Structures are given as C-alpha cells and as structure tokens.
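Please read the structure below before turning to the comments.
Naming convention: chains lettered A, B, ... in sequence-line order (proteins, then strands); numbering from 1 in each chain. All figures in this text were calculated on a predicted structure; none of them were measured in a lab.
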Protein chains: 2
Amino acid sequence: MKSVYAEILTIGDEILYGHITDTNSQFISTALDKAGIQVIRKTSVGDNREAIINGLKSAEAVADIIIITGGLGPTKDDITKKTLADYFQTTLVMNEAVLSHVENLFASRGRVMNDLNKTQALIPANAQVIHNAVGTAPGMWIEHQGKVFISMPGVPHEMKKMMEELIVPKLRHHFQTPAIIHKWIKTINIPESTLAEKIEKWEDALPAHLKLAYLPKMGQVRLRLTGKGDDAGVLNAELEAQVAQLIPLIKDHIYGYEDDEIEKVVGSLLREKNKTVSTAESCTGGYLAHLLTSVAGSSHYFIGSIVAYSNQIKMNELDVSPAILEAYGAVSEPTVIAMAEGIRKKFGTSIGLATSGVAGPDGGSPEKPVGTIWVAYADERETFAKKLTLTQERMLNITLTTNFLLNFLRMKLSE
Amino acid sequence: MKSVYAEILTIGDEILYGHITDTNSQFISTALDKAGIQVIRKTSVGDNREAIINGLKSAEAVADIIIITGGLGPTKDDITKKTLADYFQTTLVMNEAVLSHVENLFASRGRVMNDLNKTQALIPANAQVIHNAVGTAPGMWIEHQGKVFISMPGVPHEMKKMMEELIVPKLRHHFQTPAIIHKWIKTINIPESTLAEKIEKWEDALPAHLKLAYLPKMGQVRLRLTGKGDDAGVLNAELEAQVAQLIPLIKDHIYGYEDDEIEKVVGSLLREKNKTVSTAESCTGGYLAHLLTSVAGSSHYFIGSIVAYSNQIKMNELDVSPAILEAYGAVSEPTVIAMAEGIRKKFGTSIGLATSGVAGPDGGSPEKPVGTIWVAYADERETFAKKLTLTQERMLNITLTTNFLLNFLRMKLSE
C-alpha cells in the first residue's frame with residue numbers, strides 16, 4: 001500500500017493578516033482524508049510571486065499532490081496563474097471553453113463583461129481545466145514529473161463544489177488511494193492526563209497502523225482513533241474491536257461517539273425515557289438551561305428554569321428555608337439539595353438540577369474559595385449532591401459545572 | 001522603520017486531518033499585526049519529528065520570529081519540546097518554578113499529580129519560561145542566532161492569554177516595532193451593508209495611512225480603524241479625531257469601544273444607575289441570563305430569571321393570563337408584555353426583560369414562521385414591545401434576540 005501525500009498551499013494576504021479564518025484548508029483536509037490521501041503540510045503565503053514560487057518548490061519536494069487555493073480573481077493582486085505559468089516555464093493561453101462559460105455567466109446575470117473579466121479564461125498552456133460551475137475562475141489540473149498540481153479559486157462555495165464533485169473523484173482514480181477511517185470517542189469530566197493513565201496499556205498495545213490522538217476542549221477530551229489500510233471493511237472491523245476494548249476502561253466518562261454532543265445525547269435520552277427536566281441555577285446563571293435549549297426540539301423535555309442569583313429568590317421561588325441559608329450559606333449541600341428538589345416540585349418535572357457556587361473572580365472566602373461549587377440532582381426516587389473544586393476562571397467554572405451535571409444526568413438516564 | 005517578519009508554525013495531526021478549524025493562527029496573526037510585525041507565512045505540520053524540524057529550518061530561513069503552537073500536552077503524541085531540544089542540540093531540564101506552578105494548580109483543583117503531569121515542567125535548557133497562568137503547559141522563548149523562537153500550548157484560552165499579556169509586549173520591546181494603533185468601534189443591530197452606506201462619505205475621506213475594516217460576528221459588526229506611523233502620540237490624536245467624526249453617523253448602533261462587550265457595558269450602566277434587572281425567557285432559553293451573568297460582579301444588578309418554556313410556567317410563574325395565551329398565543333405582543341411586567345413584579349427589579357418566539361428549526365406556522373420573535377422591556381414608567389423578524393438558524397435567532405434586548409437596555413439606561 002503506497003501512501004499518497006498532499007500539501008495545501010493557500011494564497012492571500014488576508015490570511016496572513018488574520019482578517020479571515022482559513023476554513024478552506026480545513027474543508028480540503030477533510031475531503032482528502034476521506035479519500036485516503038494524507039495531508040502532510042499546510043502552508044499559507046501572501047499575494048507575492050516569490051513566496052508562491054518558494055511554496056510550490058517546497059511542496060513539490062515532499063508531496064505527490066499540491067493543492068493551491070486563492071489568487072485567481074481578476075484583480076491585480078491575484079497573481080496565481082501568471083506565477084504557475086512561470087513556474088512551469090510556459091505561457092498563459094486563452095481557453096475558448098472557459099471564455100464562453102464566463103460570457104454565458106455574465107449574460108445570465110445581465111452584466112457586461114470588461115477586459116479584466118476576459119482574463120479569467122487565460123490558463124497555463126500545460127493545464128487541464130476543472131470546470132467551475134458556479135463562478136468565473138476555472139480550476140486547473142497540471143501533471144508535472146509525476147506530481148499533480150491543482151489550483152482552485154478561494155471563494156468557498158466555488159472551491160467546495162469543485163473539490164467534492166470533480167477533484168476528489170479524479171484524484172482517487174489517478175492515485176488508487178488506500179482507506180483511512182476515524183473513530184471518535186467523546187469523554188467528559190476527566191482530565192487529559194488521568195485519561196491517558198487509565199488507557200495507557202490499551203494505547204501501548206495498539207498496532208502500528210492505528211493511531212490515537214487526544215483533543216481537549218473546554219473540560220472535554222475527544223479521543224480519535226485513526227486507521228489506515230487497503231481494505232475498508234477489514235480496517236473498520238479492526239477499529240471497532242479496539243473501541244470495544246477501550247470502552248470499559250473509561251465507561252463513565254464516555255458520553256458519546258462520532259458527531260455526538262453532550263447536550264444532544266442528554267436530549268435524546270430524555271425523549272427516549274419520556275422524562276422532563278428543569279434547572280435551578282445560581283452560579284451557572286442560565287448556561288445549563290441555554291445548553292439544554294440550544295438543541296432543536298428541546299421543548300419536548302425541557303420545561304423551564306429559575307436562575308436564582310439572590311437568596312431572596314432561592315427562598316421565595318425554590319422554597320429554600322431561611323434557616324438553611326443562615327446556617328450553611330448559599331454555597332452549601334443543604335441549599336443546593338433544596339434548590340434541586342424545589343425546582344422539580346415547582347415545575348412538576350421528572351428531574352431537577354441545581355447549581356450554587358463561587359464562579360469568581362470575586363466572592364471567594366477562606367472556607368469557600370473561588371471555584372467551590374455545589375451541584376445537585378433530584379428525581380422521584382433520590383437526591384444526589386456533590387461539591388466540585390474547580391478553577392479561578394469564571395467562564396471555565398460555569399462550563400465545567402454544566403459539563404458535570406449534563407454527564408451526571410446522562411449516567412442516571414442510562415441506568 | 002525596519003520591517004520585522006514572523007512565521008507561524010502550528011503543530012498537530014488534527015489540523016492536517018481537518019478535524020479542527022485552526023483559529024489559533026488567525027488570533028496570532030491579528031495580535032502580531034497590531035504589534036507592527038508582519039506575518040509572511042503560516043505552516044501547519046503533523047505531530048511528527050521530521051516535519052517539525054523541517055518546519056523550523058524553513059521558518060528560520062525567512063523570518064525573524066518563529067511562533068509555534070501545539071504539541072505541548074502531557075501525552076505521547078505531544079512531541080514539540082523534545083523536538084525543540086533536539087533542534088537546538090540541547091536537552092530537556094526540569095524547571096522548578098513550572099513544577100511548583102503545576103503542583104499548585106493540581107492542589108487547588110483537589111487533584112493528584114501523576115508522572116505524566118510532572119513532564120509538563122521539562123523545558124529545553126536554552127529556553128526562558130513564559131508563564132501559563134491558566135494551564136499546566138508552559139510557554140517558551142528561545143533566542144538563537146538573532147532569531148526568536150516562541151512555543152505556546154495549542155489550547156486557545158491558554159495561548160491567547162499568554163500571547164496578549166506576555167509575548168506581544170516582550171516582542172515589541174525586543175524588536176522596537178513601529179507604532180500601529182487600532183481603534184475599535186463596536187456596533188450592534190445594524191447589517192454590515194447598511195452600516196457601510198451610512199458611513200460611506202466618512203470612509204472615502206480617510207487619509208491613506210488610516211484603514212478601516214469591517215468585522216462581522218453573530219449580529220454585531222466591529223469596525224477597526226488602523227493607523228501606522230512613527231509617532232504614536234500624533235497617530236493616536238489623528239485616529240481619535242476621525243472616530244469623533246464617525247460617532248454621530250451611527251450613534252444608536254454603537255454600544256462601545258475597544259474591548260467593550262455589550263453585556264459588560266450594560267452591567268456598568270446598571271451599576272452606575274443603581275438599577276436591577278430580571279429576565280423572563282422563552283425562546284432564548286436562558287441565554288440572556290447567561291450573558292448577563294457571564295460578567296464578573298453581575299450579582300450586584302442581576303437578580304434572577306425564569307426560563308418559561310411551557311405555557312403552564314408562563315401562567316403560574318409570570319402571571320400571563322390563560323385568556324391572553326388562548327386569544328393571541330405564546331408568541332405575541334400581549335404575552336411578551338405580560339412576561340416582562342410579570343418578572344419585574346415577581347422579582348422586584350427595576351427592569352424586566354422578556355422573549356417569546358419561534359427559534360426554529362421546528363414550530364413555525366404560516367402566521368408565525370420560524371424567526372418570528374417578540375421581545376419586551378418593562379420598567380417603573382413604561383413597557384415597550386417589539387416584533388423581530390429574524391432567520392432560519394436557531395442559534396443565530398437566540399443571539400440576535402439577546403443582542404437586541406441588551407442594546408435596547410443600554411439605550412434606555414443611557415437616556
């Protein structure tokens with residue numbers, strides 16, 4: 001099985017200045033990865049002849065496929081085609097098929113073509129045209145000393161259509177590419193290093209053609225297991241067998257797989273079990289309700305929330321007794337339990353969730369420093385509370401608290 | 001004025017596979033641009049020793065500053081530090097200051113350190129530590145043959161804090177870069193094209209060394225006016241004079257300047273005017289409360305919220321009469337007015353805000369299609385309601401509705 005390597009070269013000053021997020025190269029990466037082509041480098045350079053030539057040389061030295069985007073517009077700062085022609089020591093020639101396509105596009109939009117627009121139909125003499133069905137700048141395919149150079153416009157919807165419909169099939173055919181398959185395992189409420197420790201033996205025993213990556217994101221760690229092989233069916237079975245071995249090691253921390261998000265997983269479970277939920281939030285200030293209601297169709301299981309920032313509201317609305325608040329304070333086990341039970345009763349839901357803590361940066365004390373947060377869960381059979389000891393960062397504390405409760409809810413619903 | 005060039009080298013298989021959008025390099029570009037440093041190339045390579053070494057060599061050949069992110073975690077696929085040590089023909093040494101910082105972080109979170117975590121404190125012998133206040137992986141600053149190599153963790157919030165607070169000032173000092181000054185004008189509730197039309201004459205009259213950029217973001221458009229010059233004082237006065245001319249053209253849509261965020265501006269006004277606020281949310285599902293409470297110290301003016309997803313809760317908790325719900329429905333002017341007045345009365349706040357609408361993607365009808373949203377504001381003197389006609393996108397509708405109410409609140413508080 002021969003590996004096929006690609007480099008992505010994006011051209012445009014706007015990328016270097018940071019004025020745009022380069023989402024094109026991510027799209028191209030994903031498309032190539034699915035086609036079994038490995039991207040080994042991405043490079044972005046400005047609208048500058050020398051930088052483009054150096055980029056092409058350097059890419060040609062390491063990759064079989066060089067994918068170029070940007071710099072194909074009709075204005076002066078768009079110099080990709082001229083530079084490609086120079087690089088291959090050839091000239092730009094007028095392509096009649098492209099010219100008539102551009103003319104038709106202008107006619108259909110009721111616009112008049114000028115000389116600049118006509119230059120869209122010029123392409124290097126050694127290039128095959130890749131048709132741009134939705135725009136005026138043609139794509140190009142150039143074969144040179146066993147390598148393939150592909151140039152596409154930088155306009156995302158033009159590039160995407162061209163890439164998916166024409167270039168990926170042509171590359172697959174040209175290179176007879178192998179299969180690359182990914183499996184995602186999404187974990188929550190476990191630090192990356194603890195996770196690594198728990199699965200170390202399993203990870204060390206992975207065969208060489210399977211590779212594991214850890215991708216942390218706001219209190220979650222996504223695991224990605226990647227395999228490469230000739231037979232997609234065999235490879236997939238092998239990956240599934242490995243994932244099956246991994247699951248028992250970290251079961252409570254896995255909330256889902258592939259495209260799953262915790263709030264969607266919880267939503268599906270609530271619908272499936274025909275349960276409803278309400279929240280009583282102090283330190284999370286509505287974020288738990290927001291995440292639950294960010295899912296389409298959440299009105300089927302989410303009934304409502306009371307964000308009780310003041311003690312007055314904790315007493316009046318959630319029936320937390322003044323004696324409890326006086327004896328233990330708002331950030332305490334008895335208070336958060338009363339909140340969870342109070343909201344559940346008040347809104348008549350199957351489950352009540354509650355939070356009360358010191359999110360920071362102010363409000364900490366020696367006994368209850370910033371990051372001290374109590375959470376509670378109440379259903380018809382039981383009430384559970386737990387103290388979390390989190391960070392100094394307000395938003396991170398809000399997120400980690402929400403993660404904890406969503407995962408706890410997931411586990412209770414899966415019992 | 002000597003130009004200073006930088007290359008950004010991002011490390012991580014996840015970038016090449018297209019599993020994440022590389023927003024780090026955009027952030028770094030923008031920060032360097034502000035500091036008068038020109039990014040001439042961006043390169044992304046995988047977690048692969050040879051690729052990283054080649055990236056470093058190639059960057060060193062063209063740039064004065066090489067900024068590296070990623071590959072600093074404690075797990076096996078993170079090889080940046082070892083590779084840097086090899087590149088500079090040195091070794092990794094245990095840094096006691098970093099070790100004690102990591103130990104403190106673990107202790108403050110009530111977690112136990114393992115051997116993997118200790119490796120976070122290893123750094124190449126020729127590196128200075130850049131303190132990571134919010135995480136365990138230290139940044140590094142290495143000077144080598146007149147060039148500066150900087151390595152940062154790939155976790156966005158850690159990298160951003162380090163870049164802004166420590167690295168940019170250090171680079172500015174080290175390279176004595178020219179003055180580049182930006183003025184930010186933050187607008188809300190006005191589409192980019194309408195904004196451009198309103199300020200067209202002012203923009204056309206700008207002198208050549210001042211440049212305007214439009215940066216749209218979830219229903220807001222941030223305007224950035226940038227000037228470059230040798231004398232920071234003169235340049236600043238010039239920019240301020242231009243901003244003073246701009247303000248009257250779009251007054252109602254400007255909610256702030258520089259680092260202002262709408263929720264912080266509103267929070268400061270509430271504190272200043274000694275007013276309190278509560279929210280009654282249907283379609284925004286707690287997002288309005290979340291934004292208000294994401295501001296440190298918000299407990300001074302935010303009292304609480306009721307997220308009333310079901311009609312039952314609108315009636316029981318907010319005193320919306322069944323007759324109104326029956327005659328007009330939940331998404332209507334009388335309902336949203338009753339909600340705003342109801343929450344204000346119930347929670348005893350100066351101001352009550354309410355939302356009720358069809359956020360989508362489901363729930364639309366011919367009379368009330370997806371994107372139909374009613375909002376209301378009530379204070380001791382008046383109640384105001386308005387119908388918004390928004391988009392097909394659930395999260396965008398939630399954000400735009402929240403933006404509208406926060407800006408309305410800002411205007412009322414500024415009267």
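Between B:Gln38 and A:Leu16 there is no side-chain heavy-atom pair separated by less than 4.5 Å. Contact check for A:Thr293 versus B:Tyr287: no side-chain heavy atoms found under the 4.5 Å cut-off. Counting heavy atoms from C-beta outward, A:Met395 and B:His157 have side chains that stay 4.5 Å or more apart. Side chains of A:Val45 and B:Arg41 form a contact here, defined as non-hydrogen atoms less than 4.5 Å apart. Within the 4.5 Å cutoff, the side chain of B:His19 has heavy atoms near those of the A:His182 side chain. Within the 4.5 Å cutoff, the side chain of A:Ser193 has no heavy atoms near those of the B:Lys118 side chain. For the pair B:Ile303/A:Tyr309, no side-chain contact is recorded, criterion being any heavy-atom separation below 4.5 Å from C-beta on.
Separation of atoms OG (B:Ser305) and CD (A:Glu281) is listed at 9.0 Å; rounding is to 0.5 Å. With rounding to the nearest 0.5 Å, the separation of CG in B:Leu9 from OG1 in A:Thr43 is 9.5 Å. Taking CG of B:Leu116 as the reference point, atom CD of A:Glu192 lies at 9.5 Å (rounded to 0.5 Å). A distance of 6.0 Å separates NZ of A:Lys211 from CG of B:Asp47, quoted to the nearest 0.5 Å. Distance check: A:Lys217 NZ to B:Ile20 CD1 gives 10.0 Å after rounding to the nearest 0.5 Å.
Comment: A:Asp22 does not engage B:Lys42 in a salt bridge, judged by the lack of any side-chain N to carboxylate O separation of less than 4.0 angstrom.
Highest contact tally toward chain B, considering only A:Lys346, A:Gln312, A:Glu7, A:Arg224, is held by A:Arg224 [criterion: heavy-atom pairs under 4.5 Å]. Contact count against chain A (heavy-atom pairs under 4.5 Å) is highest for B:Ile40 among B:Ile40, B:Thr23, B:Asp362. Of the residues considered (B:Asp33, B:Leu292, B:Ile8, B:Asn54), B:Asp33 shows the highest number of contacts with chain A, using heavy-atom pairs under 4.5 Å. With chain B as partner, the option from A:Ser44, A:Ala289, A:Ala6 having the largest number of non-hydrogen pairs under 4.5 angstrom is A:Ser44. The candidate with the highest count of non-hydrogen atom pairs below 4.5 Å against chain A, out of B:Ala51, B:Ser310, B:Ala31, B:Cys283, is B:Ser310. When B:Gly110, B:Gly55, B:Ser294 are compared by the number of non-hydrogen pairs under 4.5 Å with chain A, B:Ser294 comes out ahead. Ranked by heavy-atom pairs under 4.5 Å with chain B, the first of A:Gln392, A:Arg222, A:Gln26 is A:Gln26. Most heavy-atom pairs under 4.5 Å with chain B, from the set A:Pro216, A:Ala296, A:Ala196, A:Gly46: that is A:Ala296. Looking only at heavy-atom pairs under 4.5 Å with chain A, the residue among B:Ser299, B:Ala213, B:Gly297 that has the most is B:Ser299. When A:Ser58, A:Ser29, A:Gly360 are compared by the number of non-hydrogen pairs under 4.5 Å with chain B, A:Ser29 comes out ahead. With respect to chain A, the highest number of heavy-atom pairs below 4.5 Å among B:Gly304, B:Gly285, B:Pro361 belongs to B:Gly285.
Shown here for A:Arg394 and B:Ser298, the closest heavy-atom pair between the two residues is NH2-OG, 3.4 Å. The two residues A:Leu215 and B:Glu14 have their closest heavy-atom pair at CD2-CB, 3.1 Å. Summarising the geometry of B:Val307 relative to A:Phe347, their closest heavy-atom pair is O-CE2, 4.4 Å, with the distance given to 0.1 Å.
By the neighbour-count criterion of 12 heavy atoms within 6.0 Å, atom CD of A:Glu258 is densely surrounded, having more than that number from other residues, nucleotides or ligands. Within 6.0 Å of CG in A:Asp259 there are 12 or fewer heavy atoms belonging to other residues, nucleotides or ligands.
In this structure, B:Arg109 contributes its side chain and A:Gly371 its backbone to no donor-acceptor pair below 3.5 Å. Using modelled atom types, one side-chain atom of A:Thr30 and one backbone atom of B:Gly18 make a donor-acceptor pair closer than 3.5 Å.
Both the backbone and the side chain of B:Ile15 have a heavy atom closer than 4.5 Å to some heavy atom of chain A. Interface residue B:Glu317: only side-chain heavy atoms are found under 4.5 Å from chain A. Only the backbone of A:Ala308 comes within contact range of chain B, judged by heavy atoms closer than 4.5 Å. Contacts of B:Ile313 with chain A are made by side-chain atoms alone, with heavy-atom separations under 4.5 Å and no backbone atom involved. With a 4.5 Å cut-off on non-hydrogen atoms, B:Thr279 does not touch chain A at all. Neither the backbone nor the side chain of A:Ser278 comes within contact range of chain B; no heavy atom of the residue lies under 4.5 Å from a heavy atom of that chain. For A:Val295, the part lying near chain B is the backbone, with the side chain staying farther off; criterion is any non-hydrogen pair under 4.5 Å.
Using cut-offs of 30° and 60° on the angle between ring planes, the pair B:His290 and A:His290 is parallel.
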